[in-house]
Amino acid sequence: WGAIRSQLKWSSYKACDLNIVGLNVEADVLRKVYSVPDEKIKLIPLGLSQHFLKASHGEQLSDSPITTGTITERKRSLELATMAKAAKVPVHFIGKPYDEDGAYWKSFKALIDDKYVMHTPHTESVDEMVRLLKQSKGYILYSDYENWCLSAHEAIACGIPILIPDQPWSRELFGDQASYLLPGKIDENTLRLKTFYDSIPSLKAPDISLYSWNDVARQLVATYE
């Protein structure tokens with residue numbers, strides 16, 4: 001934090017004309033940590049591309065939920081793979097490692113069995129990602145470091161239920177319409193993963209507002225005016 005403060009002084013956020021954030025929990029940080037007054041805070045959501053907004057809801061042809069993102073520590077990929085095997089829940093991982101010679105990737109790769117841990121290194125296009133999401137039984141995020149998770153919103157646009165970390169940002173966005181994990185608590189989360197998987201036939205994607213980038217742009221234009 002000292003290195004961050006040396007670049008962004010505590011007064012920076014109060015000094016600027018306006019701070020644009022996506023969530024109330026982010027606005028609370030500005031108020032409580034940087035003493036920014038409400039008149040210098042504006043909430044504007046993030047948008048989705050038309051590929052996702054125009055996607056019809058999926059048929060859930062696959063038996064496995066999907067998780068997307070780089071195979072790395074901050075995404076807790078190895079922990080999720082370990083949970084999947086323990087719970088006997090198939091999970092399809094989409095994403096490349098940062099380093100194919102790294103120890104983390106090698107540990108993750110050793111768990112790939114194409115039964116409970118499946119892996120695809122990348123998708124060819126946005127349309128391919130839409131197809132994968134629509135066919136999946138659900139979407140899983142096990143990362144500690146998110147705020148407005150575009151991947152979760154893309155999954156919702158494709159009509160599948162989500163299992164995500166129980167944190168202030170996710171509660172603000174999804175409330176009781178999502179299923180939740182407690183990052184770091186593997187035993188508890190193994191049970192939650194199994195419960196989510198078994199409950200998928202009765203679950204729905206969260207019914208929330210999804211915005212296009214044009215919607216976002218219009219809000220930004222009004223803000224600048």
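Scope of the values below: all heavy atoms of this structure, side chains included, with no hydrogens, waters or symmetry mates.
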Contact between [X] and [Y] at the side-chain level, heavy atoms closer than 4.5 Å - yes or no?
X: V89; Y: F196; result: no
X: L163; Y: P65; result: no
X: Q219; Y: V216; result: no
X: T68; Y: E154; result: no
X: V25; Y: N147; result: no
X: R192; Y: L182; result: yes
X: R171; Y: D166; result: yes

To the nearest 0.5 Å, tell me how far [X] [atom1] sits from [Y] [atom2].
X: M83; Y: K194; atom1: CE; atom2: NZ; value: 13.0 Å
X: L181; Y: E188; atom1: CG; atom2: CD; value: 9.5 Å
X: S170; Y: I164; atom1: OG; atom2: CD1; value: 4.5 Å
X: I140; Y: R76; atom1: CD1; atom2: CZ; value: 14.5 Å
X: L193; Y: I186; atom1: CG; atom2: CD1; value: 12.0 Å
X: L141; Y: I66; atom1: CG; atom2: CD1; value: 12.5 Å

Under 4.5 Å between side-chain heavy atoms, hopping through other hydrophobics if needed: is there a path connecting [X] to [Y]?
X: I156; Y: V126; value: yes
X: V21; Y: V33; value: yes
X: I20; Y: L46; value: yes
X: L23; Y: L18; value: yes
X: I94; Y: L150; value: yes

I208 vs L173, test: side chain to side chain contact (heavy atoms under 4.5 Å, CB included). Steps then yes/no. CA-CA 8 Å; I208 63 170; L173 285 168; 5.6 Å; no
Looking at D144 and R74, does any basic side-chain N land under 4.0 Å from a carboxylate oxygen?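 No, D144 and R74 are not salt-bridged.
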Using 4.0 Å as the upper bound for N to carboxylate O, is an ion pair formed by K75 and E146?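 Between K75 and E146 there is a salt bridge, with a charged N closer than 4.0 Å to a carboxylate O.
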Is a donor on one side and an acceptor on the other found under 3.5 Å between the side chain of E172 and the backbone of N24?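 The answer is yes, because a donor-acceptor pair under 3.5 Å joins these two groups.
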Using modelled atom types only, decide if a donor and an acceptor are shared between the side chain of Y104 and the backbone of L78 within a distance under 3.5 Å.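 Side chain of Y104 to backbone of L78: a pair is present.
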Would you please name every residue forming a salt bridge (charged side-chain N to carboxylate O under 4.0 Å, His left out) with E100, sequence neighbours left out?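 E100 satisfies salt bridge (charged side-chain N to carboxylate O under 4.0 Å, His left out) with no other residue.
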With sequence neighbours left out, what residues match R31 under salt bridge (charged side-chain N to carboxylate O under 4.0 Å, His left out)?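 Per chain and number, R31 pairs via salt bridge (charged side-chain N to carboxylate O under 4.0 Å, His left out) with D28, D38.
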What pairs with [X] under side chain to side chain contact (heavy atoms under 4.5 Å, CB included), at least two apart in sequence or on another chain?
X: S125; result: D127, E128
X: K14; result: S35, V36
X: D187; result: none

Pairs touching [range] that satisfy ring-ring contact (aromatic ring centres under 6.0 Å, His included), sequence neighbours left out:
range: residues 67-87; answer: none
range: residues 152-190; answer: W148-H153, H153-F174
range: residues 20-54; answer: W10-Y34, Y13-Y34
range: residues 201-225; answer: none

For residues [X] and [Y], report the shortest heavy-atom separation together with the two atoms involved.
X: Y139; Y: T67; result: CE1-CA, 4.4 Å
X: D114; Y: M118; result: CA-CG, 3.6 Å
X: S62; Y: K137; result: O-CG, 2.9 Å
X: P206; Y: I160; result: CD-O, 4.4 Å
X: P90; Y: S64; result: O-CB, 3.4 Å
X: P161; Y: L203; result: CB-CB, 3.8 Å

Provide the full list of salt bridge (charged side-chain N to carboxylate O under 4.0 Å, His left out) pairs with a residue in residues 16-26, sequence neighbours left out, each pair given once.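 Listed by first then second residue: nothing to list.
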Which pairs pass side chain to side chain donor-acceptor pair (under 3.5 Å) with one or both residues in residues 39-49, sequence neighbours excluded?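 Output for this query is empty, none listed.
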Candidate pair R218 and D215, rule side chain to side chain contact (heavy atoms under 4.5 Å, CB included), full reasoning: CA-CA 5 Å; R218 281 189 284 270; D215 295 331; 2.7 Å; yes
Suppose we screen for ring-ring contact (aromatic ring centres under 6.0 Å, His included). Which residues come up paired with W105, at least two apart in sequence or across chains?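 Residues passing ring-ring contact (aromatic ring centres under 6.0 Å, His included) with W105: F108, H119.
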